[in-house]
Asker: 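Supplied in structure tokens, the structure appears directly below.
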Amino acid sequence: MSTIVGTIERINGSLIVAHFDEAPKIGDLTEVGDLRLMGEIVRLSGETAYIQCFEATSGLMPGEPVTDLGVPLVAELGPGLMGRIVDGVQRSETELWELTGPFVSRGTNIDPLNRGAKWKFEAKVKPGDKVEGGNVIGVVQETVSFEHRVMVPPGQSGTIKSIKSGEFTVEDVIGELETSSGVVPLKMMQTWPVRIPRPIKERLPLEMPLMTGQRVIDTFFPVAKGGAVAIPGGFGTGKTVTLQQVAKWSDADIIIYIGCGERGNEMADVVAHFPELEDPRSGRKLIERTVIIANVSNMPVSAREASIYMGVTIGEFYRDMGYDVAIMADSTSRWAEALRDISGRLEEIPAEAGFPAYLSDRIAQIYERTGRGVVMGEGRTLGSLTLIGAVSPPGGDFSEPVTTHTLRFIGTFWALDTDLAYRRHFPAINWLRSFTRYMDVSARWWSKLDPEWEASRSQALRLLEEASEVEETARIIGEKALPDEQRLVLLLAEMLREGFLVQSAFHEVDTYCEAEKQTALLKVFIEFYSKVDPLVRAGVPIEMVRNMDVVTELMRLKERAGVEPIEEASKAILAQRDALAEEYEVKL
Amino acid sequence: MVVEQSGLVYRTTSEIRGPILMVEGVKGVAFDEIVNIRRPSGEIVTGSVLDVSRDWAMVQCFGDTSGMDLNIRVRFTGETLKVPMSEELIGRVFSGSFKPLDGIPVPLSTDLRDVNGGIINPAARDVPSEFIQTGLSAIDGMNSLVRGQKLPIFSESGLPHNMMAAQIARQATIPGQETDFAIVFGAMGIKNEEADYFRAEFEKTGALSKSVLVLNLADDPPIERIVTPRIAQTIAEYLAFDLGMHVLVILTDMTNYAEALRTISIAREEVPTRKGYPGYLYSDLATIYERAGRIQGRPGSVTLMPILSMPAGDKTHPVPDLTGYITEGQLILERELSLRGIYPPMNPLPSLSRLMKDGIGEETTREDHQDVSNQLYMAYAEGTRARGLVRIVGEVGLSDRERTWLRFADRFEQEFVNQGPYENRSIEQTLSIAWDLLSILPEEDLIRIRETYINKYHPAHKSDN
Ligand SMILES: Nc1ncnc2c1ncn2[C@@H]1O[C@H](COP(=O)(O)OP(=O)(O)O)[C@@H](O)[C@H]1O
Ligand SMILES: [Mg+2]
């Protein structure tokens, strides 16, 4: 690794202009100033390099040295990441705290992967085996439930010359690979430049929904494993809580949670609460499958820009092991603003709202790293990478550049709605404005569980849509003036909203709703409608329907564990319907 | 200002553009370094370096630049802006750039702190979770504040946000604990009479002896407002994390702060985003707001209550908008409520406390608190919807159900939100008013409240237990 030294010419906030006698490479990492702050070369013009500095530049002076490290920003990949909280350039924040106290200090160098820690490596190949980049050569039980698969780095191939099981550090040589260009040592750690996608052998169509235990998501606007989702919303509409819910309850194998330019307390909340929570399926601690990247709002913007790439690269690494990975990025708008900040300091010509013209390309590049496919290496191991990005539109207005560009590259759109949030209807996902392109994937999965699922779902959506039209009319003439059939539609929509769509993240039972319960619940509302609609048409007053005891019970079913209460309610519907029919002498 | 009397003096200013000076031929100048500019009258004005190259420095001047010429003496101090920390700061009054306003010298201390502060490592943060009772039902019942939270008041000129902030400062307590807050009050461009009001309020309750005032008033230099909140937060951090005190910081008016930032940005000819504000307004505000919180292993806390005025009552204006994206909720005051005589004129619907859930419940307030709050939200939203309908179809056009919602909303505003500026309600009182109001509604409509709580706390069932 050759290093070139230059000098600082100018300091403009996070942008450093430096002069080198020998031109460095764009994308190289640098150490800036006497404090040796970390930076990255983002533009070259002759011997002048423009560097975005990942740390605060206060106190730097022109004339101080800049060292080009000759390598790009990489992620260190190997055992030891799981359950950790790191910053945008992969420094462990726990270690930073131990080393330098509760306030982040500058110029502190920490190896992303602990060099001293020993891991129990169990070889899965033997000398003479032919392997290529991506092949698993052994495993480490990294946490109680997480098996870390040690892979041949992408691009290498050959025959295993030697390999040994035992206790090793990430840098210890665990074996040797005989390649066409000589023998190379094998280690548990590899590195990868964060801005370059890790290769995948073959892309495949998406096949499975990512089940999240959130009804409005799984039932109405599902996401497929390997898909891309945007969740835009003004402040307080529920972006963060939704991402946290998906991080907690989804059936991904691995979660990468990126706090990109958001609140410090929210990251502290994740760190504090995840270790207490268990996966409802496997019972394992959620923190054991989660990597947290926290570059909060008051940290330098350049590191915020890097944090998304860091997270995606770490995600791809686990995908390459054959896992289903889901990345939460909160918020991609802050990442885009970091991009805008640097662009402005570089005096680039802005396009919309001050954002550079390449904003759209950068957004596309990030979402393009999602997908499902056959991972590198011999054989057909499958892995997937799902990305869910929060978008924070200024003034809550979805016509701004980050939202509109993002829309072009995603498959599911969860549109958060301020009015719903004001009435504490959470998740405030607007069922009329949201969409999903993964319906076929999802329908296939659900139909195996319940053949009538698709019919129930579309009827429920139809009712909700019809209700919103009826509401328009009601706004003009008043609900009282509507025919009872229409008022029944309104009642049903209200029941679906309160009894199905509203799902509190903080309710001990309802925070997670298993698939069986979701479909049973959906069906019971549809059943109720089909049973009482004929009564109303035959002249039973809507008030009598509303006063049926089962109406309240239906809206409370979500709070009750399991599906038995739903079966009970279904019986009650029949009984109460019959009683009403008898009272009003309606023949059924 | 405590900066050593050293550093190089230049008289090589080539341009003065609004609050910005370009100084040529400088050597050894650091980014963000403090400069002292001497006016012909001998008065020293502070500034800081915004951009520096090998042979020029761009300086933002915190004082007025009018009357300066290119021959002006600019001294580069070699230091970033620091203020001395000491327990003796308590009870003192300073200007917006830390000049004593009470006739006593700045406390002597070798403990100088950079006003930009540090960044609290997210891993070292403690999740704020101690309920603060403010005695105001609209806050305690539906938007509870916790120790270490940053919760702004979004207001408009002419609304009683000062009265409300003073009431909170006066009444804030942790139920069951003998706790007092030290108050750090940072004023940016507010009127003299407003500052006097706060001072008088603090004096009345004896809070003045536990407070530090940093005042940049309407007739003080506007650009100074850039450092005022930072000085206030630096003092608060020291009191909290070094001395272990619980500190309530009030910063008012953040819109004036943002305007100072905009003035600088425009003078630098930066590309503006919305309404002329620079693209970095979000990140800049975050460096002030994010200094609130709690730190593991340190006993104190910084609770932050910024006040800002929304131009034309517009929540989507960049300052309230970006503030809401950073802070842990917002309390929104509305003129319409104020006109109807409601104090505090706070609309709970768009208001929010994100940390409420960690601070309330069985152990701290009461088990039914969250559910009651959720139900109040829903019922009030229905009520205001019904009120909108009345305007079109008249009361007669409402269904019985809608009429009940409407009655609920009216009484909710009058009895729950509305209270006296010296009325200090306990959380029990707040919840009991809430239940009385909710009992107007048919019990089946209390869908957001668990049945066990209905059976336990609903006035119709209370006698059963
Ligand atoms: N699913 C949910 N269940 C209950 N409350 C929610 C839910 N989603 C959001 N909230 C409430 O809304 C508040 C704001 O949500 P948050 O996700 O922080 O918004 P955003 O990230 O969009 O600003 C939360 O503090 C919480 O009170
Ligand atoms: Mg959020």
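Chain letters run A, B, ... following the sequence lines, proteins first and then strands; every chain starts at 1.
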Asker: Using 0.5 Å steps for rounding, measure from the OG1 atom of T100(A) to the CG atom of N121(B).
Answerer: 7.0 Å

Asker: Name the member of L50(B), I326(B), L389(B), T384(B) that forms the most heavy-atom pairs with chain A at distances under 4.5 Å.
Answerer: I326(B)

Asker: Out of curiosity, F506(A) CZ to M356(B) CE, how far, rounded to the nearest 0.5 Å?
Answerer: 11.0 Å

Asker: Let's test your reading of the structure: which of D32(B), V390(B), L349(B), L352(B) forms the most heavy-atom pairs below 4.5 Å with chain A?
Answerer: L349(B)

Asker: For the backbone of G395(A) and the side chain of D321(B), can you confirm whether one donor and one acceptor N or O come within less than 3.5 Å of each other?
Answerer: yes

Asker: Taking all heavy atoms of I476(A) and all of V393(B), pick out the closest pair and write down the distance.
Answerer: O-CG1, 3.0 Å

Asker: Between E494(A) and chain B, with a heavy-atom cut-off of 4.5 Å, which part of the residue counts as in contact: side chain, backbone, both or neither?
Answerer: side chain

Asker: Does G344(A) offer a backbone N or O that forms a donor-acceptor pair with the side chain of E270(B) under 3.5 Å?
Answerer: no

Asker: Would you indicate whether E347(A), at its atom CD, is surrounded by more than 12 heavy atoms from other residues, nucleotides or ligands within a distance under 6.0 Å?
Answerer: no

Asker: Hey, does V551(A) have a side-chain heavy atom less than 4.5 Å from the side chain of E444(B)?
Answerer: no

Asker: Taking every non-hydrogen pair under 4.5 Å, which of K357(B), R385(B), R291(B) racks up the most with chain A?
Answerer: K357(B)

Asker: If you count heavy-atom pairs within less than 4.5 Å of chain A, which of L398(B), N374(B), D400(B) leads?
Answerer: L398(B)

Asker: Under the criterion side-chain contact (heavy atoms from CB on, under 4.5 Å), I'd like the reasoning laid out for N12(A) against R268(B): C-alpha separation, chi angles, the key distance, then a yes or no.
Answerer: CA-CA 12 Å; N12(A) 173 8; R268(B) 293 181 74 181; 3.2 Å; yes

Asker: Of the backbone (N, CA, C, O) and the side chain (C-beta and beyond), which part of P318(B) lies under 4.5 Å from a heavy atom of chain A, both, or neither?
Answerer: neither

Asker: On a heavy-atom basis, which atom in T287(B) and which in N298(A) lie closest, and how many Å separate them?
Answerer: CA-CB, 3.9 Å

Asker: Could you tell me which portion of V502(A) (side chain, backbone, both or neither) has an atom closer than 4.5 angstrom to a non-hydrogen atom of chain B?
Answerer: side chain

Asker: Within this structure, what is the CG-OG distance for the pair D284(B) and S297(A), rounded to the nearest 0.5 Å?
Answerer: 11.0 Å

Asker: With side chains defined as the heavy atoms from C-beta onward, is the minimum distance between M267(A) and R125(B) less than 4.5 Å?
Answerer: no

Asker: Please round to the nearest 0.5 Å and tell me the distance separating atom CG of N265(A) and atom CG of L355(B).
Answerer: 6.0 Å

Asker: Just wondering, more than 12 heavy atoms not from E362(B) lying within 6.0 Å of its CD?
Answerer: no

Asker: Just so I know, are the side chains of V271(B) and R340(A) near enough to count as touching, which here means a heavy-atom distance under 4.5 Å?
Answerer: no

Asker: Using heavy-atom distances under 4.5 Å, tell me whether T327(B) contacts chain A through its side chain, its backbone, both, or neither.
Answerer: backbone

Asker: Looking at CG of L554(A) and CD1 of I447(B), how far apart are the two atoms once the value is rounded to the nearest 0.5 Å?
Answerer: 9.5 Å

Asker: Counting N and O atoms only, with roles assigned by atom type, does the side chain of Y282(B) sit under 3.5 Å from a partner on the main chain of E337(A), one being a donor and the other an acceptor?
Answerer: no

Asker: Compare every heavy atom of Y422(A) with every heavy atom of Y377(B), then report the nearest pair and how far apart it is.
Answerer: CD2-O, 3.5 Å

Asker: Between K239(A) and chain B, with a heavy-atom cut-off of 4.5 Å, which part of the residue counts as in contact: side chain, backbone, both or neither?
Answerer: side chain

Asker: Ring of Y325(B), cation from R334(A) - is the NZ or CZ under 6.0 Å from the centre and inside 45° of the axis?
Answerer: yes

Asker: Is chain A contacted by the side chain of V396(B), its backbone, both, or neither, given a heavy-atom distance below 4.5 Å?
Answerer: backbone

Asker: By a 4.5 Å heavy-atom criterion (distance strictly below it), what part of L15(A) contacts chain B: side chain, backbone, both, or neither?
Answerer: neither

Asker: Under 4.5 Å between any side-chain heavy atoms of D358(B) and H273(A), yes or no?
Answerer: yes

Asker: Look up atom CD1 in I120(B) and atom CE in M299(A), then write down how far apart they are to the nearest 0.5 Å.
Answerer: 10.5 Å

Asker: Below 4.5 Å from any heavy atom of chain B, which atoms of A474(A) appear? Answer side chain, backbone, both or neither.
Answerer: backbone

Asker: Let me know if F241(B) has heavy atoms under 4.5 Å from chain A in its side chain, its backbone, both or neither.
Answerer: side chain

Asker: With chain A as the partner, which of E33(B), K150(B), R354(B) has the greatest number of non-hydrogen pairs under 4.5 Å?
Answerer: R354(B)

Asker: Taking atom types as modelled and ignoring hydrogens, do the side chains of S283(B) and R304(A) form a donor-acceptor contact shorter than 3.5 angstrom?
Answerer: yes

Asker: Testing the 3.5 Å rule here: is there a donor-acceptor pair between the side chains of T7(A) and R54(B)?
Answerer: yes

Asker: Measure distances from D126(B) to the heavy atoms of chain A and classify the residue's part below 4.5 Å as side chain, backbone, both or neither.
Answerer: backbone

Asker: Quick check on R450(B) against chain A: is it the side chain, the backbone, both or neither that has a heavy atom closer than 4.5 Å?
Answerer: both

Asker: Looking at V29(B) and M61(A), what are the two nearest heavy atoms and their distance?
Answerer: O-CG, 3.1 Å

Asker: For R403(B) versus K480(A), what's the shortest heavy-atom pair and its separation?
Answerer: NH2-NZ, 3.8 Å

Asker: Under 4.5 Å heavy-atom distance to chain A, tell me which part of L446(B) shows up: side chain, backbone, both or neither.
Answerer: backbone

Asker: If I compare all heavy atoms of A123(B) with all of I85(A), which pair ends up nearest, and what's the gap?
Answerer: CB-CG2, 4.1 Å

Asker: Let me know if D269(A) has heavy atoms under 4.5 Å from chain B in its side chain, its backbone, both or neither.
Answerer: both

Asker: For the interface with chain A, which of A381(B), G293(B), P128(B) has the highest count of heavy-atom pairs at distances below 4.5 Å?
Answerer: P128(B)

Asker: Mind checking whether Y280(B) and R345(A) have side chains closer than 4.5 Å, heavy atoms only?
Answerer: yes

Asker: Looking at H507(A), E352(A), E543(A), R106(A), which one has more heavy-atom pairs under 4.5 Å with chain B than the rest?
Answerer: H507(A)

Asker: Side-chain contact test, heavy atoms from C-beta onward, threshold under 4.5 Å: evaluate it for V26(B) versus P62(A) and give yes or no.
Answerer: no

Asker: Is S373(B) close to chain A through its backbone or its side chain, or both, or neither, when contacts mean heavy atoms under 4.5 Å?
Answerer: neither

Asker: Under a 4.5 Å heavy-atom cut-off, does chain A meet the side chain of Q375(B), its backbone, both or neither?
Answerer: neither

Asker: Who among G63(A), G478(A), G499(A), P394(A) has the most heavy-atom pairs with chain B under 4.5 Å?
Answerer: P394(A)

Asker: Side chain, backbone, both or neither: which part of P350(A) has an atom under 4.5 Å from a heavy atom of chain B?
Answerer: side chain

Asker: Do the side chain of R448(B) and the main chain of R424(A) share a donor and acceptor less than 3.5 angstrom apart?
Answerer: yes

Asker: Heavy-atom distances under 4.5 Å only: say whether E451(B) touches chain A with side chain, backbone, both or neither.
Answerer: both

Asker: For a side-chain contact (heavy atoms from CB on, under 4.5 Å) check, start with the C-alpha distance between R401(B) and E479(A), then their side-chain angles and the critical distance, and finish with the verdict.
Answerer: CA-CA 10 Å; R401(B) 211 155 161 261; E479(A) 191 192 321; 5.7 Å; no

Asker: Would you say the side chain of E266(A) lies within less than 4.5 Å of the side chain of E328(B), judging by non-hydrogen atoms?
Answerer: no

Asker: Taking the side chain as every heavy atom from C-beta outward, state whether V271(A) and P122(B) have any pair of such atoms under 4.5 Å apart.
Answerer: no

Asker: Let me know if A272(A) has heavy atoms under 4.5 Å from chain B in its side chain, its backbone, both or neither.
Answerer: side chain

Asker: Identify which part of I449(B) has an atom lying under 4.5 Å from any heavy atom of chain A, answering side chain, backbone, both or neither.
Answerer: backbone

